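Below: one structure, written as structure tokens.
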Amino acid sequence: MSRKKNTINIPVIKHGKDICRLIFQKAEDCKYDIKLEFRGNPYQVCTYRLFSLSPIIWNVEHPQRVNMSYHHGAHEYPVLIHLKDEEKGGKEKYRTLPATRIQAPNTNQLFPIPLLKMEIPDWIASRAPEYKEKPYHHKLQVDAANVIEIYMASDKFDVNRYFSNAYGTLLIPQMVLSMEYFATCSVVSDYSKNEHFMPGGEPAERFRCLGGIPGMQLFVVMYDVPDFDNAWKNIHVTFIENELSEEILLCTKVSYPEVNLVENEYDCIFLGGPTLDQLRPPAGPLSKIPVMCNTTVQRSLKAKDISEEERNHLEMLAGRARMTLYKEMKSFEEKLEIQKQEYLRKARAFLEGVELLRATGGRGNCRGTSLTICTFLWFGAGLHAADGYSK
């Protein structure tokens, strides 16, 4: 425990260098605030909106004086992630990241929730300050990896059972799919983990449980991406809109391409997010929403290692997850279609004006057409609108 009551200090260390500090401050109802200190190391921040395949990236100009906080949201205040510039005052002191569909860091979930992903270029590790050990630190050493993904769970969460046949297939997506998947619901958002997670040659550590922390434990998935320094110049921190991460986990599709004669052993499996049609519940009155076919949760429901009570609870959660994800994805696609039609309307008006100017040699006006100066400006601005769906 830190010198401050209810504060947990976790340094991220690579080859003896101080990369980052994750400082957890316990709040109420098993919720936490998280502060990230980068020890003067340069970094940038990336956020993935729900169902969006393209991230929003923020470069931090003065990392020596800018820290980051992930607030749990108390009373009337929302859950948010913001950057704090210690040398500025007033409204300029804080910049809130464009992520609104996020959960508070908490230990109330049935399964570990995704918190953040951190990518650490080798040159950063070579130039970062030396780590100075303190007795209250819970060290996270990542010498053999340049990418880490951090999940959070209660200290009562049974990680050994999670690895067992009871919940093993639910662990697989968190192990082998990039964290972005739990916002985008698509494996297209990042292939790097899929390519580099399974090591060739000598065995390598890919999962670590950081326990011994009062009230919580962290699960760290780690892997190494060769030539990573060509991708990012600074530490790259990714947050996702994780509000539906459990729903996406419970509805993840799984395919076993070849039948294996040995039970529970397969040469390979395929994982991916469900489509809207696959999520659509059956028509007619239902006493309960049925679990989707060919999902990771289905195997757990058939496992001999779970009780009837656990099976019923998991089935209920999976049914609710299917309905929630269906409604959210349907709403997203409807909004996307509206936006698409609006952009098409603006594009037609733009082209109509271009044709008119060409026909009049640039001397005519736009009377009698739907093109106006506002349309030109609106069309251009619309292409760059950060409305959460176009990005």
Side-chain angles (χ1 to χ4, degrees), residues 47-55 79 99-104 106 108-115 117 149 151-153 167 169-190 238-255 269-302 310-339 387-391:
T47 57
Y48 275 86
R49 305 296 299 269
L50 194 60
F51 303 129
S52 178
L53 300 181
S54 300
V79 181
T100 56
R101 303 289 299 274
I102 51 176
Q103 300 183 59
N106 74 88
N108 295 318
Q109 308 298 315
L110 180 60
F111 301 107
I113 65 169
L115 290 183
K117 176 178 178 178
E149 298 176 347
Y151 293 80
M152 183 180 193
Y167 295 112
T169 51
L170 286 168
L171 168 71
I172 292 173
Q174 293 187 330
M175 289 288 285
V176 303
L177 296 179
S178 289
M179 183 176 283
E180 295 91 329
Y181 167 76
F182 296 102
T184 65
C185 200
S186 171
V187 296
V188 174
S189 51
D190 185 12
T238 299
F239 291 96
I240 66 170
E241 290 196 326
N242 59 5
E243 184 180 302
L244 300 180
S245 59
E246 188 169 275
E247 285 80 359
I248 293 173
L249 173 66
L250 293 172
C251 293
T252 296
K253 302 287 288 182
V254 59
S255 173
I269 63 173
F270 296 113
L271 298 166
T275 65
L276 186 62
D277 285 340
Q278 290 168 340
L279 287 166
R280 193 187 312 276
L286 299 169
S287 57
K288 60 181 178 181
I289 304 299
V291 176
M292 287 174 56
C293 295
N294 302 320
T295 54
T296 50
V297 76
Q298 250 192 340
R299 192 172 192 85
S300 293
L301 292 173
K302 297 175 182 177
E310 289 176 309
R311 185 175 289 105
N312 291 336
H313 182 59
L314 188 58
E315 186 176 16
M316 178 195 69
L317 285 178
R320 288 180 180 175
R322 176 180 183 173
M323 180 58 77
T324 300
L325 201 55
Y326 171 73
K327 290 180 178 178
E328 291 284 352
M329 192 178 290
K330 187 171 184 289
S331 174
F332 170 79
E333 292 197 0
E334 288 171 350
K335 290 177 181 178
L336 202 62
E337 182 60 28
I338 291 172
Q339 188 180 69
D387 56 12
Y389 290 99
S390 61
K391 283 291 187 183

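All of these numbers come straight from a predicted model, not from anything done at the bench.
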Side-chain H-bond candidate by donor/acceptor type, Gln174 with Glu149, under 3.5 Å
no
For Cys185 and Pro274, which heavy atoms make the closest approach, and how far apart are they?
SG-CD, 3.6 Å
Donor-acceptor under 3.5 Å (Thr169 side chain, Thr296 main chain)
yes
With a 4.5 Å limit on heavy-atom distance, are the side chains of Asn312 and Met316 in contact?
no
Nearest heavy-atom neighbours spanning Ile240 and Ile102
O-CG2, 3.5 Å
Could you state the interatomic distance from OH (Tyr48) to OG (Ser178), rounded to the nearest 0.5 Å?
8.5 Å
Considering non-hydrogen atoms only, spot the tightest contact between Gln278 and Arg322 and give its length.
O-NH2, 3.6 Å
Can you tell whether the side chains of Glu315 and Arg311 come within less than 4.0 Å, N to carboxylate O?
no
Roughly how far, to the nearest 0.5 Å, is CG of Leu279 from NZ of Lys253?
8.5 Å
Using modelled atom types and a 3.5 Å cut-off, is there a donor and acceptor pairing between side-chain atoms of Thr184 and backbone atoms of Glu180?
yes
Nearest-0.5 Å distance, CD1 of residue Ile338 to CD of residue Glu334:
7.0 Å
Student check: side-chain heavy atoms of Leu250 and Leu325 closer than 4.5 Å
no
Got a second to check how far Asn242's CG is from Leu50's CG, nearest 0.5 Å?
10.0 Å
Please report the shortest heavy-atom distance between Ile248 and Phe182, naming the atom on each side.
CD1-O, 3.3 Å
Using a strict threshold of under 4.0 Å (side-chain N to carboxylate O), is an ion pair present between Arg101 and Glu243?
yes
For the residue pair Val187 and Leu271, establish whether any side-chain heavy-atom pair is separated by less than 4.5 Å.
no
Would you find a donor on one side and an acceptor on the other, under 3.5 Å apart, between the side chain of Asp277 and the backbone of Thr275?
no
Distance col, row Leu170:CG vs Glu246:CD, nearest 0.5 angstrom, shows 9.5 Å
Full working for side-chain hydrogen bond (donor to acceptor under 3.5 Å, both in side chains) between Tyr181 and Thr252:
CA-CA 10 Å; Tyr181 167 76; Thr252 296; 2.8 Å; yes
Result for side-chain contact (heavy atoms from CB on, under 4.5 Å) between Lys327 and one of Met323, Met329, Lys330 points to Met323
Using a 6.0 Å cut-off, check whether atom CZ of Arg320 has over 12 heavy atoms from anything other than its own residue.
no
Check whether any side-chain heavy atom of Cys251 lies under 4.5 Å from a side-chain heavy atom of Glu247, and answer yes or no.
no
Kindly say whether the aromatic ring centers of Phe111 and Tyr167 come within a distance under 6.0 Å.
yes
Below 4.5 Å, heavy atoms only, C-beta onward: do Val254 and Thr295 meet side chain to side chain?
no
Is the shortest side-chain heavy-atom distance between Ile113 and Tyr151 below 4.5 Å?
no
Do Phe51 and Glu241 touch side chain to side chain, with heavy atoms closer than 4.5 Å?
no
Distance-minimising heavy-atom pair for Ala104 and Asn106
O-ND2, 2.7 Å
Can you find a pair of side-chain heavy atoms, one from Thr238 and one from Met179, that are under 4.5 Å apart?
no
On a heavy-atom basis, the closest approach of Gln103 and Ser245 is NE2-OG, 3.4 Å
